[in-house]
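Structure, as C-alpha coordinates:
As the structure is a computational prediction, the values presented were derived from the model and not from experiment. Lettering of chains follows the sequences in order, A, B, ..., and the numbering in each one begins at 1.
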There are 2 protein chains.
Amino acid sequence: MAILGFLRDFPLHGYDLKNRVASLAGHVRPVADGTLYPTIKKLEDAQCLTRRTAPGSVAAPRHMLEITQTGTDQLRRWLRDPEPGFITDDNKWYVLLAFLHHLENPREQALVLTRRREFLDQPAQLFFDANGTPIPPEQLDSPFRKGLMQIHRSTNLTEIEWLDRQVADLNRKAGYAVRQRSGG
Amino acid sequence: MAILGFLRDFPLHGYDLKNRVASLAGHVRPVADGTLYPTIKKLEDAQCLTRRTAPGSVAAPRHMLEITQTGTDQLRRWLRDPEPGFITDDNKWYVLLAFLHHLENPREQALVLTRRREFLDQPAQLFFDANGTPIPPEQLDSPFRKGLMQIHRSTNLTEIEWLDRQVADLNRKAGYAVRQRSGG
DNA sequence: TCAATATACATCGATCCCGAGGTTTAAAAA
DNA sequence: TTTTTAAACCTCGGGATCGATGTATATTGA
(Lines give C-alpha, C1' and ligand atoms only; values in the text may rest on other atoms or scores of the structure.)
Protein backbone atom coordinates (compact mmCIF):
# COMPACT_ATOMS: atom_id res chain seq x y z
CA MET A 1 0.00 0.00 0.00
CA ALA A 2 2.79 2.41 0.87
CA ILE A 3 4.52 1.79 -2.47
CA LEU A 4 1.45 2.57 -4.54
CA GLY A 5 0.50 5.40 -2.21
CA PHE A 6 3.83 7.16 -2.65
CA LEU A 7 3.89 6.55 -6.40
CA ARG A 8 0.47 8.16 -6.62
CA ASP A 9 2.11 11.46 -5.60
CA PHE A 10 4.89 11.30 -8.19
CA PRO A 11 7.12 8.69 -9.90
CA LEU A 12 9.98 7.38 -7.80
CA HIS A 13 12.73 4.82 -8.04
CA GLY A 14 13.11 1.91 -5.64
CA TYR A 15 15.89 3.38 -3.54
CA ASP A 16 13.95 6.59 -2.97
CA LEU A 17 10.83 4.62 -2.18
CA LYS A 18 12.76 2.62 0.36
CA ASN A 19 13.81 5.75 2.22
CA ARG A 20 10.33 7.25 2.15
CA VAL A 21 8.71 4.09 3.46
CA ALA A 22 11.36 3.87 6.17
CA SER A 23 10.72 7.50 7.19
CA LEU A 24 6.97 7.09 7.19
CA ALA A 25 7.22 3.96 9.24
CA GLY A 26 10.30 5.50 10.80
CA HIS A 27 9.23 4.99 14.34
CA VAL A 28 8.43 1.41 13.39
CA ARG A 29 11.30 -0.02 11.35
CA PRO A 30 12.85 0.38 7.93
CA VAL A 31 11.78 -1.94 5.15
CA ALA A 32 14.38 -4.50 4.02
CA ASP A 33 15.66 -4.75 0.45
CA GLY A 34 14.53 -8.33 0.43
CA THR A 35 10.99 -7.14 1.05
CA LEU A 36 10.90 -4.05 -1.12
CA TYR A 37 12.27 -5.25 -4.43
CA PRO A 38 10.28 -8.49 -4.69
CA THR A 39 7.17 -6.49 -3.80
CA ILE A 40 7.88 -3.99 -6.55
CA LYS A 41 8.26 -6.88 -8.97
CA LYS A 42 4.98 -8.37 -7.82
CA LEU A 43 3.20 -5.06 -8.33
CA GLU A 44 4.77 -4.78 -11.77
CA ASP A 45 3.61 -8.29 -12.68
CA ALA A 46 0.13 -7.32 -11.51
CA GLN A 47 0.32 -4.30 -13.82
CA CYS A 48 0.00 -1.92 -10.90
CA LEU A 49 3.12 -0.02 -11.93
CA THR A 50 5.44 0.45 -14.88
CA ARG A 51 9.18 0.75 -14.88
CA ARG A 52 11.54 2.60 -17.17
CA THR A 53 15.27 2.79 -16.78
CA ALA A 54 16.80 6.22 -16.36
CA PRO A 55 20.41 7.25 -15.81
CA GLY A 56 21.22 7.47 -12.13
CA SER A 57 21.62 11.05 -10.97
CA VAL A 58 24.81 10.25 -9.11
CA ALA A 59 25.57 6.56 -9.68
CA ALA A 60 24.08 3.35 -11.08
CA PRO A 61 21.03 3.60 -13.36
CA ARG A 62 17.72 3.66 -11.59
CA HIS A 63 14.33 2.23 -12.42
CA MET A 64 11.76 4.98 -12.33
CA LEU A 65 8.44 3.54 -11.20
CA GLU A 66 5.10 4.95 -12.22
CA ILE A 67 1.67 3.93 -10.97
CA THR A 68 -0.86 2.76 -13.56
CA GLN A 69 -4.65 3.05 -13.61
CA THR A 70 -4.80 -0.57 -12.41
CA GLY A 71 -2.48 0.38 -9.57
CA THR A 72 -4.56 3.40 -8.64
CA ASP A 73 -7.69 1.26 -8.61
CA GLN A 74 -5.97 -1.31 -6.43
CA LEU A 75 -4.78 1.38 -4.02
CA ARG A 76 -8.28 2.82 -3.75
CA ARG A 77 -9.73 -0.64 -3.09
CA TRP A 78 -7.26 -1.19 -0.27
CA LEU A 79 -8.07 2.20 1.21
CA ARG A 80 -11.82 1.97 0.78
CA ASP A 81 -12.17 -1.47 2.34
CA PRO A 82 -9.09 -2.03 4.49
CA GLU A 83 -8.38 -5.39 6.10
CA PRO A 84 -9.14 -5.47 9.85
CA GLY A 85 -5.46 -5.21 10.72
CA PHE A 86 -5.26 -1.79 9.13
CA ILE A 87 -7.88 -0.56 11.59
CA THR A 88 -6.63 -2.26 14.72
CA ASP A 89 -2.85 -2.21 14.31
CA ASP A 90 -1.57 1.28 15.05
CA ASN A 91 1.39 0.93 12.71
CA LYS A 92 -0.71 -0.17 9.79
CA TRP A 93 -3.40 2.39 10.59
CA TYR A 94 -0.92 5.24 10.38
CA VAL A 95 0.27 4.00 7.00
CA LEU A 96 -3.30 3.90 5.79
CA LEU A 97 -3.92 7.40 7.11
CA ALA A 98 -0.91 8.69 5.22
CA PHE A 99 -2.58 7.79 1.93
CA LEU A 100 -6.26 8.16 2.72
CA HIS A 101 -6.40 11.40 0.71
CA HIS A 102 -6.03 9.27 -2.41
CA LEU A 103 -9.55 8.06 -1.76
CA GLU A 104 -11.17 11.11 -3.24
CA ASN A 105 -14.73 10.74 -2.04
CA PRO A 106 -15.17 12.43 1.38
CA ARG A 107 -18.00 10.08 2.26
CA GLU A 108 -15.73 7.09 1.73
CA GLN A 109 -12.97 8.75 3.73
CA ALA A 110 -15.38 9.40 6.58
CA LEU A 111 -16.45 5.76 6.54
CA VAL A 112 -12.90 4.57 7.07
CA LEU A 113 -12.33 7.06 9.89
CA THR A 114 -15.57 5.88 11.46
CA ARG A 115 -14.36 2.29 11.47
CA ARG A 116 -11.27 3.37 13.36
CA ARG A 117 -13.37 5.51 15.65
CA GLU A 118 -15.61 2.56 16.53
CA PHE A 119 -12.59 0.42 17.21
CA LEU A 120 -11.14 3.01 19.59
CA ASP A 121 -14.44 3.19 21.44
CA GLN A 122 -14.08 -0.33 22.73
CA PRO A 123 -12.92 -0.20 26.33
CA ALA A 124 -9.40 -1.58 26.60
CA GLN A 125 -9.09 -4.46 29.05
CA LEU A 126 -5.40 -5.27 28.96
CA PHE A 127 -4.66 -7.26 32.09
CA PHE A 128 -6.52 -9.95 34.02
CA ASP A 129 -5.95 -11.75 37.33
CA ALA A 130 -5.67 -15.52 37.74
CA ASN A 131 -9.46 -15.88 37.59
CA GLY A 132 -9.76 -13.96 34.37
CA THR A 133 -11.23 -10.84 35.99
CA PRO A 134 -9.98 -7.62 34.39
CA ILE A 135 -7.71 -5.54 36.62
CA PRO A 136 -8.40 -1.77 36.60
CA PRO A 137 -5.30 0.42 36.10
CA GLU A 138 -5.25 1.76 39.68
CA GLN A 139 -5.06 -1.78 41.06
CA LEU A 140 -2.07 -2.83 38.97
CA ASP A 141 1.13 -3.48 40.88
CA SER A 142 3.51 -2.68 38.04
CA PRO A 143 4.04 1.06 37.44
CA PHE A 144 4.86 0.13 33.84
CA ARG A 145 1.52 -1.51 33.29
CA LYS A 146 -0.13 1.45 34.96
CA GLY A 147 1.72 3.82 32.64
CA LEU A 148 0.93 1.65 29.67
CA MET A 149 -2.79 1.96 30.34
CA GLN A 150 -2.55 5.69 31.09
CA ILE A 151 -0.68 6.40 27.88
CA HIS A 152 -3.03 4.18 25.95
CA ARG A 153 -6.07 6.03 27.29
CA SER A 154 -4.60 9.46 26.75
CA THR A 155 -3.43 8.83 23.19
CA ASN A 156 -6.76 7.22 22.37
CA LEU A 157 -8.62 10.31 23.55
CA THR A 158 -6.37 12.55 21.45
CA GLU A 159 -7.04 10.50 18.38
CA ILE A 160 -10.78 10.22 19.06
CA GLU A 161 -11.10 14.00 19.28
CA TRP A 162 -9.27 14.39 16.00
CA LEU A 163 -11.34 11.69 14.34
CA ASP A 164 -14.59 13.32 15.42
CA ARG A 165 -13.49 16.70 14.05
CA GLN A 166 -12.47 15.11 10.75
CA VAL A 167 -15.63 13.08 10.33
CA ALA A 168 -17.74 16.18 10.99
CA ASP A 169 -15.69 18.11 8.44
CA LEU A 170 -15.96 15.38 5.84
CA ASN A 171 -19.68 15.03 6.31
CA ARG A 172 -20.14 18.77 5.82
CA LYS A 173 -18.06 18.50 2.68
CA ALA A 174 -20.04 15.49 1.42
CA GLY A 175 -23.34 17.20 2.19
CA TYR A 176 -22.18 20.32 0.41
CA ALA A 177 -21.15 18.28 -2.61
CA VAL A 178 -24.59 16.67 -2.72
CA ARG A 179 -26.31 20.04 -2.50
CA GLN A 180 -24.04 21.26 -5.28
CA ARG A 181 -24.89 18.32 -7.52
CA SER A 182 -28.61 18.59 -6.84
CA GLY A 183 -28.46 22.31 -7.52
CA GLY A 184 -29.32 23.36 -3.91
CA MET B 1 8.34 -12.74 25.39
CA ALA B 2 4.65 -12.37 26.13
CA ILE B 3 4.28 -16.08 26.85
CA LEU B 4 7.08 -16.17 29.38
CA GLY B 5 6.03 -12.80 30.76
CA PHE B 6 2.51 -13.97 31.52
CA LEU B 7 3.68 -17.31 32.91
CA ARG B 8 5.96 -15.43 35.28
CA ASP B 9 2.83 -14.07 37.00
CA PHE B 10 1.17 -17.48 37.42
CA PRO B 11 0.83 -20.80 35.54
CA LEU B 12 -1.55 -20.79 32.60
CA HIS B 13 -2.72 -23.12 29.89
CA GLY B 14 -2.35 -22.41 26.19
CA TYR B 15 -5.89 -21.33 25.56
CA ASP B 16 -5.82 -18.85 28.42
CA LEU B 17 -2.46 -17.53 27.24
CA LYS B 18 -3.87 -17.02 23.79
CA ASN B 19 -6.65 -14.81 25.14
CA ARG B 20 -4.33 -12.83 27.35
CA VAL B 21 -1.84 -12.19 24.56
CA ALA B 22 -4.71 -11.17 22.29
CA SER B 23 -6.03 -8.74 24.92
CA LEU B 24 -2.64 -7.25 25.64
CA ALA B 25 -1.94 -6.83 21.99
CA GLY B 26 -5.68 -6.31 21.65
CA HIS B 27 -5.41 -3.12 19.70
CA VAL B 28 -2.93 -4.89 17.45
CA ARG B 29 -4.23 -8.35 16.51
CA PRO B 30 -4.85 -11.71 18.13
CA VAL B 31 -2.18 -14.37 17.92
CA ALA B 32 -2.99 -17.35 15.69
CA ASP B 33 -3.07 -20.95 16.94
CA GLY B 34 -0.50 -21.81 14.34
CA THR B 35 1.85 -19.32 15.97
CA LEU B 36 1.10 -19.91 19.63
CA TYR B 37 1.31 -23.68 19.96
CA PRO B 38 4.54 -24.21 18.01
CA THR B 39 6.07 -21.38 20.05
CA ILE B 40 5.02 -23.04 23.30
CA LYS B 41 6.60 -26.26 22.07
CA LYS B 42 9.81 -24.42 21.17
CA LEU B 43 9.97 -22.85 24.61
CA GLU B 44 9.36 -26.27 26.17
CA ASP B 45 12.17 -27.80 24.09
CA ALA B 46 14.41 -24.97 25.24
CA GLN B 47 13.47 -25.85 28.83
CA CYS B 48 11.94 -22.43 29.36
CA LEU B 49 8.67 -23.93 30.58
CA THR B 50 7.21 -27.21 31.83
CA ARG B 51 3.85 -28.71 31.04
CA ARG B 52 1.54 -30.96 33.06
CA THR B 53 -1.85 -32.19 31.98
CA ALA B 54 -4.83 -31.23 34.10
CA PRO B 55 -8.53 -31.93 33.62
CA GLY B 56 -10.22 -29.15 31.69
CA SER B 57 -12.52 -27.05 33.84
CA VAL B 58 -15.32 -27.15 31.30
CA ALA B 59 -14.15 -29.28 28.38
CA ALA B 60 -11.07 -30.98 26.96
CA PRO B 61 -8.04 -31.50 29.22
CA ARG B 62 -5.61 -28.60 29.33
CA HIS B 63 -1.85 -28.38 29.56
CA MET B 64 -0.88 -26.19 32.47
CA LEU B 65 2.32 -24.34 31.65
CA GLU B 66 4.82 -23.20 34.23
CA ILE B 67 7.89 -21.06 33.69
CA THR B 68 11.26 -22.51 34.78
CA GLN B 69 14.37 -20.79 36.07
CA THR B 70 15.83 -21.06 32.57
CA GLY B 71 12.71 -19.39 31.22
CA THR B 72 12.91 -16.62 33.79
CA ASP B 73 16.54 -16.01 32.90
CA GLN B 74 15.65 -15.90 29.21
CA LEU B 75 12.81 -13.46 29.85
CA ARG B 76 15.11 -11.18 31.85
CA ARG B 77 17.75 -11.25 29.11
CA TRP B 78 15.15 -10.22 26.54
CA LEU B 79 13.94 -7.41 28.79
CA ARG B 80 17.38 -6.20 29.83
CA ASP B 81 18.80 -6.02 26.33
CA PRO B 82 15.86 -5.77 23.92
CA GLU B 83 16.34 -5.97 20.16
CA PRO B 84 16.06 -2.58 18.41
CA GLY B 85 12.55 -3.37 17.17
CA PHE B 86 11.29 -3.53 20.73
CA ILE B 87 12.34 0.09 21.22
CA THR B 88 11.21 1.52 17.90
CA ASP B 89 8.07 -0.45 17.11
CA ASP B 90 5.20 0.87 19.25
CA ASN B 91 3.44 -2.49 19.35
CA LYS B 92 6.49 -4.38 20.49
CA TRP B 93 7.45 -1.62 22.91
CA TYR B 94 4.11 -1.85 24.69
CA VAL B 95 4.51 -5.60 25.03
CA LEU B 96 7.94 -5.09 26.55
CA LEU B 97 6.56 -2.45 28.91
CA ALA B 98 3.89 -4.86 30.08
CA PHE B 99 6.57 -7.16 31.46
CA LEU B 100 9.36 -4.78 32.40
CA HIS B 101 8.56 -5.21 36.09
CA HIS B 102 9.98 -8.73 35.83
CA LEU B 103 13.36 -7.09 35.48
CA GLU B 104 13.76 -6.47 39.16
CA ASN B 105 16.69 -4.06 39.22
CA PRO B 106 15.43 -0.44 38.99
CA ARG B 107 18.69 0.66 37.40
CA GLU B 108 18.21 -1.85 34.59
CA GLN B 109 14.59 -0.81 34.19
CA ALA B 110 15.64 2.83 33.94
CA LEU B 111 18.19 1.95 31.26
CA VAL B 112 15.54 0.41 29.05
CA LEU B 113 13.21 3.37 29.52
CA THR B 114 16.11 5.67 28.63
CA ARG B 115 16.66 3.85 25.36
CA ARG B 116 13.05 4.44 24.44
CA ARG B 117 13.30 8.05 25.62
CA GLU B 118 16.31 8.66 23.36
CA PHE B 119 14.49 7.16 20.44
CA LEU B 120 11.47 9.39 20.97
CA ASP B 121 13.75 12.43 21.06
CA GLN B 122 14.62 12.08 17.39
CA PRO B 123 12.60 14.59 15.39
CA ALA B 124 10.09 12.83 13.14
CA GLN B 125 10.37 13.72 9.45
CA LEU B 126 7.58 11.75 7.87
CA PHE B 127 6.96 13.28 4.45
CA PHE B 128 9.16 14.70 1.71
CA ASP B 129 8.54 16.49 -1.57
CA ALA B 130 9.81 15.33 -4.97
CA ASN B 131 13.26 16.76 -4.25
CA GLY B 132 13.58 14.97 -0.96
CA THR B 133 13.06 18.09 1.17
CA PRO B 134 11.04 17.39 4.33
CA ILE B 135 7.58 18.96 4.36
CA PRO B 136 6.55 20.61 7.65
CA PRO B 137 3.07 19.60 8.89
CA GLU B 138 1.47 22.99 8.20
CA GLN B 139 2.45 22.77 4.53
CA LEU B 140 0.92 19.35 3.96
CA ASP B 141 -2.07 19.26 1.64
CA SER B 142 -3.69 16.16 3.10
CA PRO B 143 -5.59 16.79 6.35
CA PHE B 144 -4.94 13.15 7.19
CA ARG B 145 -1.19 13.57 6.99
CA LYS B 146 -1.50 16.73 9.02
CA GLY B 147 -3.50 14.87 11.67
CA LEU B 148 -1.05 11.99 11.57
CA MET B 149 1.82 14.30 12.44
CA GLN B 150 -0.19 16.13 15.10
CA ILE B 151 -1.25 12.92 16.79
CA HIS B 152 2.27 11.57 16.53
CA ARG B 153 3.71 14.66 18.20
CA SER B 154 1.10 14.81 20.91
CA THR B 155 1.33 11.13 21.86
CA ASN B 156 5.10 11.32 21.84
CA LEU B 157 5.03 14.21 24.30
CA THR B 158 2.66 12.31 26.57
CA GLU B 159 4.95 9.32 26.61
CA ILE B 160 8.10 11.41 27.06
CA GLU B 161 6.65 13.09 30.13
CA TRP B 162 5.75 9.75 31.61
CA LEU B 163 9.17 8.29 30.78
CA ASP B 164 10.95 11.20 32.47
CA ARG B 165 8.87 10.81 35.64
CA GLN B 166 9.53 7.07 35.70
CA VAL B 167 13.26 7.38 35.11
CA ALA B 168 13.53 9.96 37.90
CA ASP B 169 11.56 7.66 40.22
CA LEU B 170 13.66 4.64 39.37
CA ASN B 171 16.90 6.51 39.87
CA ARG B 172 15.75 7.67 43.30
CA LYS B 173 14.88 4.09 44.11
CA ALA B 174 18.24 2.82 42.84
CA GLY B 175 20.10 5.51 44.76
CA TYR B 176 18.15 4.66 47.89
CA ALA B 177 18.91 0.98 47.48
CA VAL B 178 22.62 1.79 47.22
CA ARG B 179 22.51 3.94 50.32
CA GLN B 180 20.70 1.12 52.12
CA ARG B 181 23.32 -1.44 51.15
CA SER B 182 26.20 0.83 52.08
CA GLY B 183 24.53 1.48 55.43
CA GLY B 184 23.87 5.17 54.73
C1' DT C 1 -31.92 -37.31 21.26
C1' DC C 2 -29.13 -34.74 18.27
C1' DA C 3 -26.99 -30.65 16.84
C1' DA C 4 -24.57 -26.67 17.98
C1' DT C 5 -21.33 -24.28 20.70
C1' DA C 6 -17.18 -23.33 23.33
C1' DT C 7 -13.07 -25.19 25.23
C1' DA C 8 -8.57 -26.89 24.27
C1' DC C 9 -4.89 -28.56 21.53
C1' DA C 10 -2.23 -29.58 17.32
C1' DT C 11 -0.39 -29.78 12.40
C1' DC C 12 0.61 -28.37 7.78
C1' DG C 13 1.28 -25.72 3.63
C1' DA C 14 1.59 -21.18 1.90
C1' DT C 15 3.15 -16.79 2.43
C1' DC C 16 5.56 -12.91 4.32
C1' DC C 17 9.65 -10.83 5.58
C1' DC C 18 14.37 -10.28 6.92
C1' DG C 19 19.23 -10.23 6.50
C1' DA C 20 23.26 -11.47 4.29
C1' DG C 21 25.48 -11.40 0.28
C1' DG C 22 26.49 -9.79 -4.23
C1' DT C 23 26.57 -6.60 -8.64
C1' DT C 24 27.08 -2.27 -11.17
C1' DT C 25 28.18 2.58 -11.55
C1' DA C 26 30.04 7.04 -10.56
C1' DA C 27 32.19 10.28 -7.56
C1' DA C 28 35.47 11.33 -4.04
C1' DA C 29 39.60 10.47 -1.61
C1' DA C 30 44.03 8.44 -0.99
C1' DT D 1 45.98 5.61 -10.20
C1' DT D 2 43.79 2.85 -7.03
C1' DT D 3 40.73 2.46 -3.28
C1' DT D 4 36.79 3.69 -0.94
C1' DT D 5 32.29 5.22 -0.55
C1' DA D 6 27.56 5.79 -1.80
C1' DA D 7 23.81 5.01 -4.92
C1' DA D 8 20.94 1.61 -6.85
C1' DC D 9 19.37 -2.91 -7.61
C1' DC D 10 18.71 -7.91 -6.97
C1' DT D 11 18.46 -12.87 -5.12
C1' DC D 12 18.46 -16.56 -2.05
C1' DG D 13 17.77 -19.14 2.21
C1' DG D 14 15.58 -19.42 6.33
C1' DG D 15 12.61 -18.17 10.00
C1' DA D 16 8.22 -16.34 11.54
C1' DT D 17 3.40 -16.24 11.04
C1' DC D 18 -1.07 -17.14 9.30
C1' DG D 19 -5.16 -19.60 8.11
C1' DA D 20 -7.34 -23.77 7.21
C1' DT D 21 -8.19 -28.01 8.94
C1' DG D 22 -8.75 -31.55 12.21
C1' DT D 23 -9.40 -33.83 16.87
C1' DA D 24 -11.53 -34.46 21.46
C1' DT D 25 -14.69 -33.08 25.24
C1' DA D 26 -18.38 -31.04 27.90
C1' DT D 27 -22.36 -27.99 28.05
C1' DT D 28 -26.38 -25.94 26.13
C1' DG D 29 -30.50 -25.96 23.69
C1' DA D 30 -33.64 -27.38 20.06
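Between the CG atom of B:N19 and the C1' atom of C:dA6 there is a distance of 11 Å, given to the nearest Å. Spacing between atom CD1 of B:I3 and atom P of C:dC9 amounts to 12 Å, rounded to whole angstrom units. Regarding A:L36, its CG atom lies at a distance of 10 Å from the P atom of D:dC10, rounded to whole Å. Look at NZ on A:K92: it is 13 Å from P on D:dT17, rounded to the nearest Å. One interatomic measurement links the two molecules: CZ of B:R20 to P of C:dT7, which rounds to 14 Å at whole-angstrom precision. C:dC17 atom P lies 18 Å from atom CD of B:E83, rounded to whole Å. Rounded to a whole Å, the CZ atom of B:R52 is 13 Å from the P atom of C:dC9. In this structure, B:E44 places its CD atom 12 Å from P of C:dC9, rounding to the nearest Å.
Partners of A:K18 by salt bridge (charged side-chain N to carboxylate O under 4.0 Å, His left out), not counting sequence neighbours, listed by chain and number: A:D33. Partners of B:F127 according to the ring pair (Phe, Tyr, Trp, His ring centres under 6.0 Å) rule, which considers only residues two or more places apart in sequence or in another chain, do not exist here.
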Find every protein N or O atom lying less than 3.5 Å from an N or O atom of nucleotides 3-9 of chain D, and list the pairs.
{"from": "D:dA7", "atom 1": "OP2", "to": "A:Y15", "atom 2": "OH", "distance (Å)": "3.3"}
{"from": "D:dA8", "atom 1": "OP1", "to": "A:R62", "atom 2": "NE", "distance (Å)": "3.0"}
{"from": "D:dA8", "atom 1": "OP1", "to": "A:R62", "atom 2": "NH2", "distance (Å)": "2.2"}
{"from": "D:dC9", "atom 1": "OP1", "to": "A:H63", "atom 2": "N", "distance (Å)": "2.6"}
{"from": "D:dC9", "atom 1": "OP2", "to": "A:G14", "atom 2": "N", "distance (Å)": "3.2"}
{"from": "D:dC9", "atom 1": "OP2", "to": "A:Y15", "atom 2": "N", "distance (Å)": "2.6"}
{"from": "D:dC9", "atom 1": "N4", "to": "A:D33", "atom 2": "OD2", "distance (Å)": "3.3"}

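Within the structure, ring pair (Phe, Tyr, Trp, His ring centres under 6.0 Å) contacts touching residues 95-117 of chain A (residues at least two apart or in different chains) are A:F6-A:F99. Sorted by first and then second residue, the pairs that involve residues 119-131 of chain B and meet side chain to side chain donor-acceptor pair (under 3.5 Å), not counting sequence neighbours, are B:R117-B:D121. Among residues at least two apart or in separate chains, there is no salt bridge (charged side-chain N to carboxylate O under 4.0 Å, His left out) pair with a member in residues 130-143 of chain B.
In this model, the phosphate group of D:dG15 is not approached by any side-chain N or O of B:K42 to a distance below 4.0 Å at OP1 or OP2. Contact check, B:K18 against C:dT7: no side-chain N or O comes under 4.0 Å of OP1 or OP2.
Using modelled atom types, one finds a donor on one side chain and an acceptor on the other under 3.5 Å when comparing A:T72 with A:R8.
In this structure, CG in B:N105 is found 12.5 Å from CG in B:L79, a value given to the nearest 0.5 Å.
Nearest-nucleotide mapping onto DNA chain C: of B:K41 and A:G34, the residue sitting toward the 5' end is B:K41.
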